[in-house]
Asks: 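One structure coming up, written as structure tokens, with questions to follow.
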Amino acid sequence: MSSEEALGSALSHWFSFNSWWLLLPFVMLLVVAAFIVAFVLLLYMISPLISPKPLKLNGAHVVVTGGSSGIGKCIAMECYKHGAFITLVARDEHKLVQAKKEVEKCAINDKQVVLCISVDVSKDYNQVESVIKQAQEKLGPVDMLVNCAGTSISGKFEEVEVDRFKKMMEVNYLGSVYPTRAVITTMKERRMGRIMFVSSQAGLIGLFGYTAYSPSKFALRGLAEALQMEMKPYNIYVTVAYPPDTDTPGFAEENKTKPLETKLISETAGVCQPEQVAKVVVKDAVQGNFSSSFGPDGYMLSALTCGMSPVTSITEGLQQIVTMGLFRTIALFYLGSFDSIVRRCMIQREQSKAADKRE
Ligand SMILES: NC(=O)C1=CN([C@@H]2O[C@H](COP(=O)(O)OP(=O)(O)OC[C@H]3O[C@@H](n4cnc5c(N)ncnc54)[C@H](OP(=O)(O)O)[C@@H]3O)[C@@H](O)[C@H]2O)C=CC1
Ligand SMILES: CCCCCCCCCCCCCCCC(=O)[C@@H](N)CO
């Protein structure tokens with residue numbers, strides 16, 4: 001047999017009916033891949049159907065608790081720049097009046113109004129309900145509620161006074177439940193609205209020094225998830241914001257007593273400006289996104305901890321699916337570095353204590 005004949009018979013053997021079966025797994029793989037591609041394309045096509053319609057801020061009534069300072073004040077200014085009517089809620093009347101002046105400078109038309117209400121959002125529900133009612137009588141039903149009143153405390157677990165744990169839950173958690181409860185009935189009746197909870201990156205990850213603060217911010221996530229499931233059929237969308245350290249009066253106050261470990265660990269995500277945070281969170285709330293994160297670390301952290309939280313776009317869901325393993329890998333390195341910060345600080349403290357004793 002010549003070499004050509006040999007080749008010919010080998011080829012004909014290859015392409016004989018039986019050999020086709022060898023290709024079957026590949027064909028099946030191809031079909032499955034085609035189905036997946038078609039499915040993803042279909043999801044993309046219907047994704048505008050599952051995304052909520054953006055809220056129009058122009059002419060909307062936005063209530064901002066904690067609106068007299070820091071992030072809350074910047075959120076109020078950001079909404080005012082888009083033509084909203086604002087109610088600022090906080091305790092200190094003097095700070096409220098100052099903030100009102102600053103917000104008014106951002107007006108885009110002469111019909112806009114800023115209302116100030118002095119109340120402690122964490123104490124008495126009836127009081128909160130009655131001031132919200134007053135605000136609704138003056139500026140109309142609330143279109144968006146921003147729960148930003150809050151405070152932080154840091155310190156080693158055994159050094160934090162026991163009643164501080166309760167205070168954190170009262171201000172950061174109940175202080176968000178009460179105003180939300182006060183606006184929700186009207187929102188349901190109108191079948192529209194936005195509720196924002198300002199949590200923190202420390203509401204997604206528990207860190208050294210935040211044993212009192214973190215749980216109060218984690219709690220907001222649970223509240224938001226449960227509330228969103230109840231409210232979706234009423235066209236009400238819930239947003240949880242997870243800002244990193246932000247340059248505000250509250251942050252300056254916190255830094256006075258912050259343990260070194262907490263400072264060093266938090267520095268990983270950097271410090272950002274309240275105006276930038278406000279821009280991002282307002283945009284996310286307007287679009288009805290469930291999570292609002294800030295910066296690359298914030299993005300990774302919220303994607304990694306998405307758990308069973310709702311999605312508002314197919315893209316968001318696909319990103320979570322694709323990046324989960326990678327982000328967990330990165331997270332393990334972060335955790336390793338946090339542990340080593342804690343260990344180093346402990347060794348340093350012990351050494352300086354020993355040196356003090358020798359002197
Ligand atoms: N700054 C940061 O690094 C970060 C902050 N956050 C969160 O963002 C929110 C705002 O923080 P920030 O801007 O730094 O804080 P600020 O301390 O600058 O402002 C807090 C605001 O909340 C009000 N407030 C506090 N307690 C009450 C209360 N019981 N009833 C009504 N109003 C209250 C304050 O007014 P008054 O005291 O007059 O009542 C003030 O307007 C907080 O929830 C905080 O946990 C999250 C991540 C990072
Ligand atoms: C893939 C995984 C990435 C992980 C990144 C982790 C980054 C952790 C940094 C946490 C910073 C916590 C800031 C708390 C701010 C705050 O709430 C207080 N300042 C309030 O006053």
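Sequential numbering from 1 along the given sequence is applied to the chain's residues. Atoms within a ligand are numbered from 1 in the order they appear, just like the ligands themselves.
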Asks: Is the side chain of S216 donor-acceptor paired with the backbone N or O of Y213 at a distance under 3.5 Å, no angle test?
Replies: yes
Asks: Distance from H94 atom NE2 to C116 atom SG, nearest 0.5 Å?
Replies: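 Nearest 0.5 Å value for the NE2-SG distance: 12.0 Å.
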Asks: Should one rank D245, T246, V89, N255 by closest heavy-atom distance to atom 1 (N) of ligand 1, which comes out on top?
Replies: T246
Asks: Side chain or backbone, does R91 bring an N or O within less than 3.5 Å of an N or O on ligand 1?
Replies: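 Yes: some nitrogen or oxygen of R91 is under 3.5 Å from one in ligand 1.
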Asks: Taking R190 first and then D143, would you say they form a salt bridge - that is, a charged N and a carboxylate O separated by under 4.0 Å?
Replies: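 The answer is yes: the pair qualifies as a salt bridge.
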Asks: Do any nitrogen or oxygen atoms of S266 lie less than 3.5 angstrom from nitrogen or oxygen atoms of ligand 2?
Replies: no
Asks: Is there a donor-acceptor pair under 3.5 Å between the side chain of S199 and the backbone N or O of V240?
Replies: no
Asks: Numbering the atoms of ligand 2 from 1, which are under 4.0 Å from a heavy atom of S200?
Replies: 14 (C), 15 (C), 16 (C), 17 (O)
Asks: Would you mind listing which atoms of ligand 1 come within a distance below 4.0 Å of any non-hydrogen atom of V119?
Replies: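 Those of ligand 1 that fall under 4.0 Å from V119 are 30 (N), 31 (C).
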Asks: For the residue pair F157 and F165, is the inter-centroid distance of their aromatic rings smaller than 6.0 Å?
Replies: yes
Asks: Check whether any N or O atom of D297, backbone or side chain, sits under 3.5 Å from an N or O atom of ligand 2, and answer yes or no.
Replies: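 No; the residue has no nitrogen or oxygen that sits under 3.5 Å from a nitrogen or oxygen of the ligand.
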Asks: Examine ligand 1 and decide if any of its atoms is less than 4.0 Å from a heavy atom belonging to A202.
Replies: no
Asks: Show, in sequence, the C-alpha distance, side-chain angles and deciding distance for D92 and S118, and conclude whether the side-chain hydrogen bond (donor to acceptor under 3.5 Å, both in side chains) test is met.
Replies: CA-CA 7 Å; D92 185 328; S118 166; over 6 Å; no
Asks: So does A303 get a backbone contact from the side chain of T305, meaning a donor-acceptor N/O pair under 3.5 Å?
Replies: no
Asks: Would you find a donor on one side and an acceptor on the other, under 3.5 Å apart, between the side chain of T65 and the backbone of A149?
Replies: yes
Asks: Please state whether V198 comes within less than 4.0 angstrom of ligand 1, counting heavy atoms only.
Replies: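 The answer is yes, since V198 has a heavy atom less than 4.0 Å from ligand 1.
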Asks: Within the side chain of S266, is there an N or O that forms a donor-acceptor pair under 3.5 Å with the backbone of K263?
Replies: no
Asks: Hey, could you give me the NZ/OH distance between K166 and Y173, rounded to the nearest 0.5 Å?
Replies: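 So the gap between those two atoms works out to 15.5 Å.
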Asks: Taking R194 for the side chain and A285 for the main chain, is one N or O donor matched with an acceptor at less than 3.5 Å?
Replies: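 Yes, the answer is positive, given that a donor and an acceptor are paired below the 3.5 Å cut-off.
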Asks: So does F290 get a backbone contact from the side chain of T239, meaning a donor-acceptor N/O pair under 3.5 Å?
Replies: no
Asks: Tell me which protein heavy atom sits closest to atom 12 (C) of ligand 2, plus the residue, atom name and distance to 0.1 Å.
Replies: L207 CD1, 3.7 Å
Asks: Report the member of C148, P274, P243 with the shortest heavy-atom distance to atom 9 (C) of ligand 1.
Replies: C148
Asks: Do K279 and E275 sit within salt-bridge range, that is, some charged N less than 4.0 Å from a carboxylate O?
Replies: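 No.
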Asks: For atom 20 (C) of ligand 2, grab the closest protein heavy atom and report residue, atom and distance to one decimal in Å.
Replies: Y213 OH, 3.2 Å
Asks: Just jot down the ligand 2 atoms closer than 4.0 angstrom to any heavy atom of F327, in number order.
Replies: 1 (C)
Asks: Check the pair R164 / M168 against side-chain contact (heavy atoms from CB on, under 4.5 Å), numbers first and verdict last.
Replies: CA-CA 6 Å; R164 293 265 136 182; M168 281 295 109; 5.5 Å; no
Asks: Test side-chain hydrogen bond (donor to acceptor under 3.5 Å, both in side chains) on S152 and E254; report intermediate values, then the result.
Replies: CA-CA 7 Å; S152 75; E254 178 193 60; 2.7 Å; yes
Asks: Look at atom 13 (O) of ligand 1 and say which protein heavy atom is nearest, naming residue and atom and giving the distance to 0.1 Å.
Replies: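 Checking every protein heavy atom, the shortest distance to atom 13 (O) of ligand 1 gives I71 N, 2.8 Å.
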Asks: Given 3.5 Å as the limit, does a donor-acceptor pair link the side chain of K100 with the main chain of V114, or not?
Replies: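 The answer is yes, because a donor-acceptor pair under 3.5 Å joins these two groups.
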Asks: Does this structure show an ion pair linking D120 with K123, if we count only N-O contacts that are shorter than 4.0 Å?
Replies: yes
Asks: Just go through F338, Y334, Y210 and tell me whose heavy atom is the nearest to atom 8 (C) of ligand 2.
Replies: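 The nearest heavy atom belongs to F338.
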Asks: For ligand 2, indicate whether the residue T246 contacts it via side chain, backbone, both or neither (heavy-atom separation under 4.0 Å).
Replies: neither
Asks: Please confirm whether S199 approaches ligand 1 to less than 4.0 Å, judged on its heavy atoms.
Replies: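 Yes.
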Asks: Tell me which protein heavy atom sits closest to atom 48 (C) of ligand 1, plus the residue, atom name and distance to 0.1 Å.
Replies: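 The answer is P244 O, 3.1 Å.
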Asks: Starting from atom 2 (C) of ligand 2, locate the nearest protein heavy atom and write down its residue, its atom name and how far away it is, to 0.1 Å.
Replies: A331 CB, 3.9 Å
Asks: Of all the non-hydrogen atoms in the protein, which one sits nearest to atom 17 (O) of ligand 1, and at what distance?
Replies: G250 CA, 3.2 Å
Asks: To which protein heavy atom is atom 4 (C) of ligand 2 closest, and what is the distance rounded to 0.1 Å?
Replies: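 Protein heavy atom with the smallest distance to atom 4 (C) of ligand 2: L301 CD1, 3.9 Å.
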Asks: Identify, for atom 15 (C) of ligand 2, the protein heavy atom at the shortest distance, and state residue, atom and that distance.
Replies: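 Here the nearest protein heavy atom works out to D245 OD1, 3.1 Å.
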Asks: Going by heavy atoms, is K217 under 4.0 Å from ligand 1?
Replies: yes
Asks: Contact between L88 and ligand 1, counting heavy atoms under 4.0 Å?
Replies: no
Asks: In terms of residue, atom name and distance, what is the protein heavy atom nearest to atom 20 (C) of ligand 1?
Replies: G150 O, 3.8 Å
Asks: Looking only at non-hydrogen atoms, which of Y242, F197, Y213 approaches atom 44 (C) of ligand 1 most closely?
Replies: Y213
Asks: Has Q351 got a side-chain atom pairing as donor or acceptor with M346's backbone, closer than 3.5 angstrom?
Replies: no
Asks: Would you say T65 contacts ligand 1, with heavy atoms under 4.0 Å as the rule?
Replies: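 It does not; every heavy atom stays at 4.0 Å or beyond.
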Asks: Which atoms of ligand 2 are found less than 4.0 Å from any heavy atom of E254?
Replies: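 Those qualifying, in numeric order: 18 (C), 19 (N), 20 (C), 21 (O).
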Asks: Does even one non-hydrogen atom of T268 get within less than 4.0 Å of ligand 2?
Replies: no
Asks: Please test D297 against Y334 for side-chain hydrogen bond (donor to acceptor under 3.5 Å, both in side chains), starting from the C-alpha separation and ending with a verdict.
Replies: CA-CA 10 Å; D297 290 309; Y334 274 92; 2.4 Å; yes
Asks: Starting from atom 16 (P) of ligand 1, locate the nearest protein heavy atom and write down its residue, its atom name and how far away it is, to 0.1 Å.
Replies: S69 OG, 3.5 Å
Asks: Counting both backbone and side chain atoms, is some N or O of V171 under 3.5 Å from an N or O of ligand 1?
Replies: no
Asks: Using side-chain contact (heavy atoms from CB on, under 4.5 Å), reason through D247 and C272 one step at a time and then give a plain yes or no.
Replies: CA-CA 6 Å; D247 187 10; C272 57; over 6 Å; no
Asks: Should one rank A252, S122, A90 by closest heavy-atom distance to atom 32 (N) of ligand 1, which comes out on top?
Replies: A90
Asks: Looking only at protein heavy atoms, which one is nearest to atom 11 (C) of ligand 2, and how far off is it?
Replies: Q201 OE1, 3.6 Å
Asks: At a non-hydrogen distance cut-off of under 4.0 Å, which region of V121 contacts ligand 1 (side chain, backbone, both, or neither)?
Replies: both
Asks: Look only at the side chain of Q112 and the backbone of Y80, and say whether a donor-acceptor pair between them is shorter than 3.5 Å.
Replies: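 At least one qualifying donor-acceptor pair exists.
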Asks: Is the closest N or O pair between K258 and ligand 2 shorter than 3.5 Å?
Replies: no
Asks: Of the protein's non-hydrogen atoms, which lies at the shortest distance from atom 38 (O) of ligand 1, and what is that distance?
Replies: D92 N, 2.8 Å
Asks: Please write down residue, atom name and distance for the protein heavy atom closest to atom 24 (N) of ligand 1.
Replies: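 Ranking protein heavy atoms by distance from atom 24 (N) of ligand 1, first comes A149 CB, 3.9 Å.
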Asks: Looking only at protein heavy atoms, identify the closest one to atom 41 (O) of ligand 1 and say how far it is in Å.
Replies: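 Ranking protein heavy atoms by distance from atom 41 (O) of ligand 1, first comes S68 OG, 2.7 Å.
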